[in-house]
Amino acid sequence: MTAIEAIKQIIEEKKNNKQAPHCAMLKDVERLYTGDAFRSEIRALIKQREVVITRTINSFSFYLKDDTE
């Protein structure tokens, strides 16, 4: 599973379960991710403006760009 697929799956599950906020936490994405280059994939998604990363108290969370507009 790619990073974007993992992020989309987590966010979709949260929406279906009516859990807010609609974001994917770093630890959850890492749990689902099966590739070798996680950081470079995330950097590319941020650069392409597909994903927005935010800092939390202890980690990071990812939002889909479409959901933040």
Side-chain angles (χ1 to χ4, degrees):
M1 179 175 287
T2 65
I4 191 68
E5 291 170 341
I7 292 169
K8 285 180 179 180
Q9 179 179 332
I10 293 166
I11 290 174
E12 192 61 35
E13 287 174 6
K14 284 191 167 195
K15 286 179 179 180
N16 291 339
N17 294 328
K18 296 180 171 85
Q19 294 176 329
H22 297 156
C23 65
M25 297 301 297
L26 175 62
K27 65 180 174 68
D28 297 328
V29 176
E30 289 177 327
R31 181 176 41 83
L32 292 178
Y33 181 75
T34 57
D36 294 328
F38 180 75
R39 287 181 182 218
S40 62
E41 254 188 75
I42 291 295
R43 284 187 192 113
L45 291 170
I46 293 168
K47 190 173 184 177
Q48 295 165 4
R49 299 178 185 216
E50 291 184 46
V51 171
V52 176
I53 186 170
T54 60
R55 184 111 168 96
T56 65
I57 293 172
N58 295 319
S59 187
F60 295 93
S61 60
F62 303 99
Y63 292 84
L64 295 175
K65 182 65 173 176
D66 296 340
D67 291 345
T68 60
E69 295 179 330

Once side-chain hydrogen bond (donor to acceptor under 3.5 Å, both in side chains) is applied, do any residues pair with [X], and if so which ones, sequence neighbours excluded?
{"X": "Glu12", "result": "none"}
{"X": "Glu13", "result": "Gln9"}
{"X": "Thr2", "result": "Glu5"}

field: Side chain to side chain, Phe62 and Val52, heavy atoms closer than 4.5 Å
entry: no
- prompt: Of all residues at least two apart in sequence or in a different chain, which pass the salt bridge (Lys or Arg N to Asp or Glu O under 4.0 Å) check with Arg55?
  reply: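 Counting only residues at least two positions away or on another chain, Arg55 forms no salt bridge (Lys or Arg N to Asp or Glu O under 4.0 Å).
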Is it true that atom [atom1] of [X] has more than 12 heavy atoms of other residues, nucleotides or ligands lying nearer than 6.0 Å?
{"X": "Lys8", "atom1": "NZ", "value": "no"}
{"X": "Asp36", "atom1": "CG", "value": "no"}
{"X": "Asn58", "atom1": "CG", "value": "no"}

- request: Applying side chain to side chain donor-acceptor pair (under 3.5 Å), run through Ser61 and Thr56 and close with a yes or a no.
  value: CA-CA 7 Å; Ser61 60; Thr56 65; 6.0 Å; no
I'd like a table of donor-acceptor pairs (distance under 3.5 Å, sequence neighbours excluded) in which one partner is a side-chain atom from residues 24-32, with atom names and distances.
none

task: Any chance you could measure Ile53, atom CD1, to Phe60, atom CZ, to the nearest 0.5 Å?
output: 5.5 Å
Can you give the donor-acceptor pairs under 3.5 Å from side chains of residues 37-51 to other protein atoms, not counting sequence neighbours?
unit_1	atom_1	unit_2	atom_2	d
Ser40	OG	Ala37	O	3.0
Glu41	OE1	Ala3	N	2.9
Glu41	OE2	Tyr33	OH	2.7

